[in-house]
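Heads up, the thing below is written out as structure tokens.
Every chain is numbered from 1 and lettered A, B, ... according to where its sequence line falls, protein lines coming before strand lines.
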There are 2 protein chains.
Amino acid sequence: MRTVTIADVAKHAGVAVSTVSYVLSGKRAISATTRQRVLDSVRVLGYHPNAGARALASKRAKVIALVLPLRAGMNLPVLMQFATSVVTTARKYDHDVLLMTADEGPDGLHRVAASALVDGLLLMDVEIHDPRVPLLRKLAEPSVLIGFPADPEGLTCVDLDFARAGALCADHLADLGHREIALLGAPRVVYERGTGFAERTMAGYVEAARRHGIEADARPCEESFDEIHAAVKLLLDERPGLSGLVVHNEAATGHVLGALRILGRRVPEDVSVVAICPDDIAERASPALTSVLIPAEDVGRQAVRLLMAKLEGQAVPESTLLEPRLTIRESSR
Amino acid sequence: MRTVTIADVAKHAGVAVSTVSYVLSGKRAISATTRQRVLDSVRVLGYHPNAGARALASKRAKVIALVLPLRAGMNLPVLMQFATSVVTTARKYDHDVLLMTADEGPDGLHRVAASALVDGLLLMDVEIHDPRVPLLRKLAEPSVLIGFPADPEGLTCVDLDFARAGALCADHLADLGHREIALLGAPRVVYERGTGFAERTMAGYVEAARRHGIEADARPCEESFDEIHAAVKLLLDERPGLSGLVVHNEAATGHVLGALRILGRRVPEDVSVVAICPDDIAERASPALTSVLIPAEDVGRQAVRLLMAKLEGQAVPESTLLEPRLTIRESSR
DNA sequence: CCTTCGCGTCGAAGCGCTTCGATGACCTGC
DNA sequence: GCAGGTCATCGAAGCGCTTCGACGCGAAGG
């Protein structure tokens, strides 16, 4: 059973190959009757255009690259959520997604772009000083970044507005009347790497706390139960007046609650807790956590939209920040 | 700056286009001097073969599809680990990976195969009665499944040997002298879906326990802290002599430990706990968990190898089961 | 009535690559 | 010294698709 080509469809429908092509692409007007005849033949024969041939002739692969990090410290579930949202959205635009890992580095990007395997690039987890950024500026293929490098000039970047997220947490606790709060952040290594989002959260949080005139500090936070237990204990010892806690570390939220429980602090009676994490984690915790969610799905959708717009040659904003949303649950009062 | 084609390279090196092609593919003998001249030109010009053209001419896209599930109840981190291992391994074979989600269903598979976008398919999380299986049998493109459908006849399946994993846990606890043990498994819905691996684990565990003549039961386990707390409490109430616990639910392990802590049971002094989960979760828990790891990386690597072998036309075993490995840590004695 | 136009369709020229058969050049052995 | 055989290389024929220019035809305009 040889695979069906456009010529087979043309013959079956009794038209020229080019007519079939135009019916399928809609790039020229075709009479309703011919169109229907062609469409019927397509269905009857089970025709699927050959991707390679189309890419070659049209210079459009209808594939975008998704470059995921695969370093420690990243939150895997969020990454997956993001990836699936990208795939789903891309399909709506009739595009497929080529999965790449960051460890191929700039060369990998260059390879897929130069070989015309993909039409555009989507990069996750861009760092402040990312070696791939200069390359992206040079590349003819459009790209969209999730996260912000030091200089977003000439690029297209999308991200949650982490500064607003941090501020939202501080605001919420301040509004509830808390006067002494603390933030437990990502593991130290994340800050050292300069990933950006962690700092921005802290900065927004600190600034908001200052505005409210309340006492606030912020510290990195590792992810093993013992380290977290020790960190929470230290925090409570040092700051006896502490009554509000912001946790920006999905892997740690469960352990933080466990540590508080063991240390005899009730949530929210003794300590109010606000997390920055996906909703499912917040909902599954006990008590359910008041949280600012990381809208992985929105980010993915938005990123694909921007990339598609760029592929169409449209101008798009250099930076788009997604507004965070605070959901109040049982862990704060 | 027009993109560099093979013709440019040929001209630059002073040879025929076909010679360049043969140098690059190694499919015919080329003299060392010519080869070097061509290779130099490739480097100087920065030539990258056009993927579409190559695919069209050679009928090989050098791309494989990776189909991930995106349903609830799956373990996202493990999925990610698996995905990255697939990508990394595929690159070693000079292939790229097209990411698809299961929700496109059989049609999606048919589309990418029929359009020659991919040369082969890798499916994760195959169900007992998977609607995609009949299609895979028909497809000309080779495929490899992670997990086992009801009838693996004529397919190529890879998976961890979950029965052995379950047995290993029971063996370990029995060897330590425990006479009353229980298994906390996946959420109920996973069993209802008939995903296979959950049942197989249970079966192996039950069989091993019977062999040792010890008292064992097994129950599904939801993933919220409250439900887990209740389930553990119930278990301890019903079975006062219980001293060994197997947890086969990555999202739940942390909560199970938390529940035991609250219920006043020390681990491992009062209860020994063995988990079936990735190493990083086991290590991060407190106490560090004795565990059987799900070797996502191995599975990914092995799956790609099998697929590549099939692409080469080699025969491969229908079923390959990966041996589980028990790592003894602090949670069992 | 003839020109002009636009619509619907066709044919052919590539797109950049692989691969097959052909062609020399050179060596071997009788 | 020449048939036969290698070895290295070349040229050309596609692979299946898009797209451009051309063309026929009926309608509109002078």
Side-chain angles (χ1 to χ4, degrees), chain A residues 2-39 41-42 45-63 94 111-119 140, chain B residues 2-39 41-42 45-63 94 111-119 140:
Chain A
R2 219 185 79 276
T3 92
V4 184
T5 75
I6 197 173
D8 299 329
V9 176
K11 197 176 304 171
H12 186 272
V15 300
V17 164
S18 50
T19 302
V20 176
S21 178
Y22 286 125
V23 166
L24 262 21
S25 71
K27 295 195 180 176
R28 277 198 189 177
I30 298 288
S31 69
T33 67
T34 306
R35 136 177 274 91
Q36 197 49 59
R37 204 140 37 84
V38 168
L39 259 18
S41 298
V42 164
L45 300 179
Y47 169 67
H48 285 262
N50 179 295
R54 160 185 293 180
L56 179 58
S58 71
K59 312 204 156 304
R60 288 305 213 89
K62 294 222 182 201
V63 176
D94 196 23
R111 179 179 64 83
V112 295
S115 66
L117 231 190
V118 305
D119 302 325
Chain B
R2 220 185 78 276
T3 93
V4 185
T5 74
I6 198 174
D8 299 328
V9 175
K11 197 177 302 170
H12 186 272
V15 299
V17 163
S18 50
T19 303
V20 176
S21 178
Y22 286 125
V23 166
L24 263 20
S25 71
K27 295 196 178 174
R28 277 196 188 178
I30 298 288
S31 69
T33 67
T34 305
R35 140 177 269 93
Q36 196 50 56
R37 204 141 36 83
V38 169
L39 258 19
S41 298
V42 165
L45 300 179
Y47 170 67
H48 285 262
N50 178 296
R54 160 184 292 178
L56 180 57
S58 71
K59 313 203 154 304
R60 287 305 211 91
K62 295 226 181 196
V63 176
D94 197 24
R111 180 180 63 84
V112 296
S115 67
L117 231 191
V118 305
D119 302 325

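- Rounding to whole angstrom units, CD1 of residue A:I30 and P of C:dG6 are separated by 18 Å.
- By the side-chain contact (heavy atoms from CB on, under 4.5 Å) test, A:A114 pairs with A:H110, B:H48, sequence neighbours left out.
- Rounded to a whole Å, the CZ atom of B:R54 is 19 Å from the C1' atom of D:dC17.
- Across the interface with DNA chain D, nearest-nucleotide mapping of A:S21 and B:R37 shows B:R37 to be the residue nearer the 5′ end.
- Rounded to the nearest 0.5 Å, atoms CZ (A:R54) and CG (A:N50) are 9.5 Å apart.
- The two residues B:K59 and B:D119 come nearest to each other via the heavy atoms O-OD1, 4.4 Å.
- In the helix from C:dC1-D:dG30 to C:dC30-D:dG1, the terminal helix axes, each the rotation mapping four pairs' C1' atoms onto the next four within five end pairs, subtend 50°, rounded to 10°.
- Both A:T34 and B:N50 sit near DNA chain C, but only A:T34 has its closest nucleotide nearer the 5' end.
- Looking only at side-chain heavy atoms (C-beta outward), B:L39 and B:Q36 come within less than 4.5 Å of each other.
- The phosphate of C:dT9 (OP1 or OP2) has no side-chain N or O of A:T19 nearer than 4.0 angstrom.
- Of the candidate nucleotides C:dG11, D:dC10, C:dT18, D:dC10 has the atom nearest to the side chain of B:A16.
- A search for side-chain contact (heavy atoms from CB on, under 4.5 Å) contacts involving B:A55 returns B:A61, not counting sequence neighbours.
- Within residues 22-29 of chain A, the residues having any heavy atom closer than 4.0 Å to DNA chain D are, in order of number, A:Y22, A:K27, A:R28.
- When side chains are defined from C-beta on, B:V20 counts as touching B:V15, because their heavy atoms get closer than 4.5 Å.
- Between B:K11 atom NZ and D:dG11 atom C1' the separation is 16 Å, expressed in whole Å.
- In this entry the distance linking CD1 of A:I6 with C1' of D:dT19 reads 12 Å, nearest Å.
- Residues that satisfy the salt bridge (Lys or Arg N to Asp or Glu O under 4.0 Å) test with B:R35, not counting sequence neighbours, are absent from this structure.
- Residue pairs meeting the side-chain hydrogen bond (donor to acceptor under 3.5 Å, both in side chains) criterion with at least one partner in residues 14-29 of chain A, sequence neighbours excluded, are absent.
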Quick one: which protein N/O atoms are closer than 3.5 Å to N/O atoms of nucleotides 12-15 of chain C? Pair and distance per line, please.
{"from": "C:dC15", "atom 1": "O3'", "to": "A:K59", "atom 2": "NZ", "distance (Å)": "3.4"}

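- Between A:K62 atom NZ and D:dT18 atom C1' the separation is 12 Å, expressed in whole Å.
- Evaluation of the side chain to side chain donor-acceptor pair (under 3.5 Å) rule for B:H12 yields B:S41 as partners, not counting sequence neighbours.
- Residues passing the salt bridge (Lys or Arg N to Asp or Glu O under 4.0 Å) test with A:D8 are A:R2, sequence neighbours excluded.
- Remark: A:T34 pairs with A:S31 by the side chain to side chain donor-acceptor pair (under 3.5 Å) rule, at least two apart or across chains.
- Set against D:dT18, D:dT9, C:dC17, the side chain of B:P49 has C:dC17 as its closest nucleotide.
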